[in-house]
Amino acid sequence: MSSSDRRKPYPFDQIEPKWQARWDAEETFRVANPGEPGFDASRPKFFVLDMFPYPSGAGLHVGHPEGYTATDIIGRYKRMNGFNVLHPMGWDSFGLPAEQYAIKTGQHPAVTTAENVARFKAQLKGIGFGYDWSREIATSDPAYYRWTQWIFLQLYGAWFNPATRKAEPIATYPGEDPDSVRLAYVSEAPVNWCPELGTVLANEEVIDGKSEVGGHPVERRPMRQWMLRITAFAQRLIDELEGLDWPESIKLLQRNWIGRSEGAEVRFALEGVEGGVTVFTTRPDTLFGATYMVLAPEHRLVDALATEEQWPAIRDYREKTSRKSDLERTELSKEKTGVFTGAYAVNPVNSERIPIWIADYVLQGYGTGAIMAVPAHDERDLEFARTFGLPVRAVVQAPGKSVEESEGFTGEGIAIGSPLIDGLPTAEAKRKITDWLEAQGLGKRSINFKLRDWLFSRQRYWGEPFPIVWEGGQHRALSEGELPLTPPELADFKPTGTPEPPLSKATEWVRYSESASRELNTMPQWAGSCWYYLRFCDPANAERFVSREAEQYWMGGGKPGGVDLYVGGTEHAVLHLLYARFWHKVLFDLGHLSTPEPFQRLVNQGIILGEDGQKMSKSRGNVVNPDDVIHQYGADALRLYEMFMGPLEQMKPWSMTGVEGVSRFLARVWRLIMEENQAGEWVLGPVSAEVEPTKAQLKVIHATIKKVSEDIEALAFNTAIAQMMVFVNAFTSTTPRPVSALRTLLQLLNPFAPHLTSELWETLERHFPGGPAGLLEDQPWPRYDEAYLVEDEVEIVLQINGKVREKLVISKDASKEAVEAAALATPKIAEAVEGKTVRKVIVVPGKLVNIVVA
RNA sequence: GCCGAUGUGGCGAAAUGGCAGACGCACCGGACUUAAAAUCCGUUGUCCCGAAAGGGGCGUGUGGGUUCGAGUCCCACCAUCGGCACCA
């Protein structure tokens with residue numbers, strides 16, 4: 001007999017489908033919106049959200065149910081505590097992987113997506129999650145992406161007013177050229193083009209010069225693309241992290257990604273060229289140490305200032321640089337390269353003449369694309385200076401070091417050899433020199449961010465078409481009434497292999513009017529997931545992306561407001577979570593939302609490793625399929641095991657024997673109430689309504705209520721389960737068993753193992769009528785009474801010099817003096833203290849006595 | 001290189017500055033059984049003394065420190081994992 005044919009420890013295969021069907025039929029977890037029938041305004045709200053899945057062809061893996069079970073436990077727990085719980089699920093169904101899968105299988109992405117969604121949904125229902133399925137959404141549904149397109153139009157029709165630090169309608173823009181400030185704008189810039197995938201990719205989608213999806217080579221080429229001006233919100237995206245209840249590490253990741261640095265822009269005059277060149281530096285205090293200047297190879301001014309003589313070398317270098325892939329760039333980063341332009345700049349603080357070079361270690365896209373090089377106090381500049389024999393001059397003295405030793409010192413010290421600021425510590429020197437530059441009109445304070453604008457267009461079929469038409473080289477928005485703009489039916493939706501998007505093949509569709517044609521690009525995968533949590537609040541609304549009332553109810557409350565609990569993986573720390581915050585802020589500024597932040601509390605679940613402790617992967621053959629686990633042990637065991645493995649946030653390896661362990665526990669719960677008769681049928685066991693719990697049992701019951709309640713609130717599910725195991729162990733050995741105690745256990749265990757507990761609850765109701773009636777899910781959460789937890793007598797530990805020597809049972813009300821006296825009176829302690837000096841006695845009531853002897 | 005997280009039995013782990021190892025896995029022993037599986041009961045950090053009952057030493061990555069008392073707080077270091085990586 002193989003293990004899968006083995007007799008089931010309890011009939012989960014019958015119980016689980018039964019209850020899933022019932023929750024479905026009765027819409028147990030459906031929650032009404034304000035104004036709808038059944039809405040109970042007296043209850044507080046709780047919005048608990050999962051990162052909705054990408055319905056890939058592979059189906060669920062065991063990582064999905066980890067976070068989903070955690071939110072399900074919270075949702076069910078809050079529901080039993082009287083909250084209106086919004087716990088929805090949907091599908092992030094547009095995007096590259098779905099389309100690649102469709103191409104591979106030769107089917108239309110709409111077909112494969114529908115199949116995958118059906119499979120995912122069946123799998124999720126098979127785990128017994130309490131979702132409100134009436135709110136199911138899919139980002140590839142026209143009724144949904146109509147509003148994704150509408151939000152794009154909001155971005156297109158808005159600008160960031162630096163004076164108010166807010167997005168405003170473009171009509172308030174006072175300038176001549178509104179197209180230059182729109183939050184959604186067209187730009188011609190070098191982008192990551194992947195010929196194999198036939199699309200451009202965002203920086204985040206390129207890893208070591210290869211596409212994240214499929215690992216195909218990526219090259220740089222200039223293309224006309226749609227961009228979103230996320231950089232305008234850089235400061236607010238940093239500032240408003242402050243009030244969020246997120247893991248500090250994720251906040252830090254976002255801050256680093258946005259990469260704020262404070263410094264100054266300094267203007268250097270050029271010899272023989274008008275206007276000069278501006279550099280950005282975080283160390284204006286080292287201005288006197290600038291011995292040369294470097295421009296990015298692509299810098300505009302290079303053409304103007306390069307000398308005839310140097311021109312061939314420059315042209316050559318520029319060409320080499322432009323051909324370098326990201327991979328080559330990182331590989332070659334150890335060796336500095338560059339070319340002298342033949343031109344000179346003038347250092348504004350000392351009128352010194354310094355040579356201007358070009359080098360690819362200076363990036364066109366950051367700061368001004370030009371730097372002043374201070375080799376004495378910057379590692380990269382020092383390396384470059386050494387390679388090309390450029391002078392090095394120390395102008396910051398390192399603490400406790402000589403001037404000579406201070407070369408290569410990049411920290412904070414004392415300014416030297418710098419007439420305006422000599423003797424000042426770095427911070428003060430920065431301030432003073434910047435004040436001076438500002439007064440002289442030579443520079444100003446400046447802040448730079450690493451964050452770049454978001455490349456928002458893709459040359460693919462399976463995404464939201466842009467609600468934009470082109471006429472006479474000008475773009476223009478479709479009216480709201482023209483939404484949704486659906487993609488054309490295309491038999492051949494494959495990428496063209498050229499930058500020409502596949503939508504270009506639909507000639508009918510492309511033609512908007514006599515003189516206007518449609519935008520051919522589509523939106524990236526992230527678009528739909530930027531606002532799905534809002535749609536969950538009001539998924540069927542045909543008038544608005546979300547009604548004001550629903551948005552205010554579900555997203556309101558709390559300090560910054562928003563989703564009460566959001567659980568998902570760290571992989572979205574800087575992508576989805578940053579993009580969504582950006583869109584949310586735009587919609588908030590434009591008056592469409594009531595809160596500035598989407599996600600009040602964020603928790604990352606740790607990834608689950610294979611049994612070998614390695615990351616799960618097909619090639620390693622260590623992938624665990626949740627379907628197999630459910631088949632063999634049941635959904636409740638899967639849920640319970642994933643929560644029992646360890647702390648939610650921690651990375652942890654899978655163990656099949658561990659699953660068996662929790663499966664055994666569930667079977668013990670089953671047999672606490674059921675027993676097998678001669679015929680091999682499960683019938684009610686030695687359960688009695690007459691029996692009252694003993695004092696010891698009451699203590700276990702109430703300690704368990706307390707521990708489980710507190711642990712669920714703290715998302716410490718593993719220890720909550722451990723406590724329920726203690727409960728079961730305590731009751732296993734006694735018969736008959738008080739029905740009230742068993743009911744309490746079922747209530748506590750229900751969020752974790754809903755099928756088993758519902759079945760047993762129903763069984764008890766049948767055998768012991770007159771007790772609580774109806775679905776277990778609808779029962780109020782049990783309360784504990786502290787009175788049952790305190791004992792009359794406590795065991796306290798007696799220590800000599802911090803080492804445990806003896807234990808003492810004494811009344812919990814005994815005074816400090818009485819405890820001390822009793823401790824000293826015990827034979828062991830008396831013997832240990834004999835002939836020694838008692839220096840000190842520490843008494844912690846109810847805990848211990850520590851006797852310090854000489 | 002920079003930033004962050006984590007180091008506790010054979011394994012997953014637990015522990016408001018107060019009995020380290022709850023709970024589970026694995027192992028070993030016992031009960032039930034013709035037998036096995038399942039189930040139930042029990043042992044199990046490690047070393048030493050003891051025939052046993054018992055008793056003692058050492059133990060939370062390493063080294064210091066604070067404290068009556070440190071897995072927990074502070075300092076330094078080491079290892080593993082993750083993120084960023086010419087960002088001026």
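Just so it is clear: chains get the letters A, B, ... in the order the sequence lines come, proteins before strands, and each one is counted from 1. Basis for what follows: all heavy atoms, side chains included, without hydrogens, waters or symmetry-related copies.
Between the C1' atom of B:rG12 and the NZ atom of A:K652 lies a distance of 11 Å, rounded to the nearest Å. At whole-Å resolution of the value, CG in A:L382 and C1' in B:rG1 are 15 Å apart. The interatomic distance linking A:F449 (CZ) with B:rC84 (P) rounds to 20 Å, in whole Å. Put simply, CD1 on A:I800 is 14 Å from P on B:rG69, counting in whole angstrom units. In this structure, A:W257 atom CH2 and B:rG82 atom C1' are separated by 15 Å, rounded to whole Å. The CG atom of A:N604 sits 15 Å away from the C1' atom of B:rU6 (whole-angstrom rounding). Between A:Q650 atom CD and B:rA5 atom P there is a gap of 14 Å when expressed in whole angstrom units. Between the CE atom of A:M651 and the C1' atom of B:rC81 there is a distance of 6 Å, given to the nearest Å.
Judged by a 6.0 Å distance limit and a 45° cone about the ring axis, A:K336 is positioned over the six-membered ring of A:Y361.
As the counterpart of B:rU34, no nucleotide is assigned, since no Watson-Crick or G-U wobble pattern has both distances under 3.5 Å. Pair assignment for B:rA14 gives none, since no Watson-Crick or G-U wobble pairing has each distance under 3.5 Å. Both distances falling under 3.5 Å, in either a Watson-Crick or a G-U wobble arrangement, place B:rA76 opposite B:rU62. With a cut-off of 3.5 Å on both pairing distances, the Watson-Crick or G-U wobble partner of B:rC84 is B:rG1. Pair check for B:rG42 finds B:rC28; Watson-Crick or G-U wobble, both atom distances under 3.5 Å. B:rA22 is unpaired under the criterion used here, namely a Watson-Crick or G-U wobble arrangement in which both key atom distances are under 3.5 Å. Using Watson-Crick or G-U wobble geometry with both donor-acceptor distances under 3.5 Å, B:rU67 finds no partner in any strand shown.
Pairing each heavy atom of A:V819 with each of A:V849, the nearest pair is CG1-CG2, 3.4 Å.
Between A:W670 and A:W682, the ring planes lie perpendicular to each other; the angle is over 60°, past the 30° to 60° tilted range. Between A:Y292 and A:F384, the angle of the ring planes stays under 30°, which puts this pair in the parallel group of the 30/60° scheme.
Side chains of A:R260 and A:Q235: a donor-acceptor N/O pair is present below 3.5 angstrom, by distance only. Checked by atom type, the side-chain pair A:T719/A:D711 shows a donor-acceptor distance below 3.5 Å.
The side chain of A:R255 contributes no N or O atom lying less than 4.0 Å from OP1 or OP2 of B:rC3. Phosphate proximity of B:rG82 to A:T570: absent, as no side-chain N or O sits under 4.0 Å from OP1 or OP2.
Taking atom C1' on both B:rU44 and B:rG9, the two are 10 Å apart, rounded to the nearest angstrom. Comparing the P positions of B:rC11 and B:rC73 gives a spacing of 24 Å, expressed to the nearest Å. Rounded to whole Å, the C1' atom of B:rG17 lies 23 Å from the corresponding atom of B:rA5. Separation of the C1' atoms belonging to B:rU8 and B:rG21 is 8 Å when rounded to the nearest angstrom. Look at the C1' atom in both B:rA37 and B:rA51: the space between them is 39 Å, to the nearest Å. Separating the C1' atom of B:rA26 from that of B:rG10 is a span of 8 Å, rounded to the nearest Å. Taking atom C1' on both B:rG63 and B:rG7, the two are 16 Å apart, rounded to the nearest angstrom. Nucleotides B:rA22 and B:rU60 place their C1' atoms 15 Å apart, quoted to the nearest Å.
Out of B:rG4, B:rG55, B:rC86, the shortest distance to the side chain of A:Y361 is found at B:rC86. The A:P653 side chain lies nearest to B:rG12 when the options are B:rC3, B:rC68, B:rG12. Considering only the side chain of A:K803, B:rC58 comes nearest among B:rC58, B:rA13, B:rC68.
Counting any heavy atom pair closer than 4.0 Å across all strands shown, A:S733 reaches no nucleic acid atom. Within the 4.0 angstrom heavy-atom criterion, base atoms lie near A:R452. Counting any heavy atom pair closer than 4.0 Å across all strands shown, A:K828 reaches sugar-phosphate atoms only and no base atom.
Comparing A:L252 and A:Q364 by the nucleotide of RNA chain B whose heavy atom lies nearest to each, the residue mapping closer to the 5' end is A:L252.
A salt bridge is absent between A:R267 and A:E265: the closest approach of a Lys/Arg side-chain nitrogen to an acidic carboxylate oxygen does not fall below 4.0 angstrom. Between A:E262 and A:R445 there is no salt bridge, since no side-chain nitrogen of the basic residue lies less than 4.0 Å from a carboxylate oxygen of the acidic one.
Base orientation of B:rG57: anti, the glycosidic angle falling outside 90° of 0.
Note that CG of A:D453 and CD1 of A:I230 are 8.0 Å apart. Values are rounded to the nearest 0.5 Å. Between atom CG of residue A:L789 and atom CD1 of residue A:I701 there is a gap of 11.0 Å, rounded to the nearest 0.5 Å.
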A correct 5'-to-3' footprint of nucleotides 17-30 of chain B, with B, S and - meaning base, sugar-phosphate only and no protein heavy atom under 4.0 Å, is -BB--BBSSS----
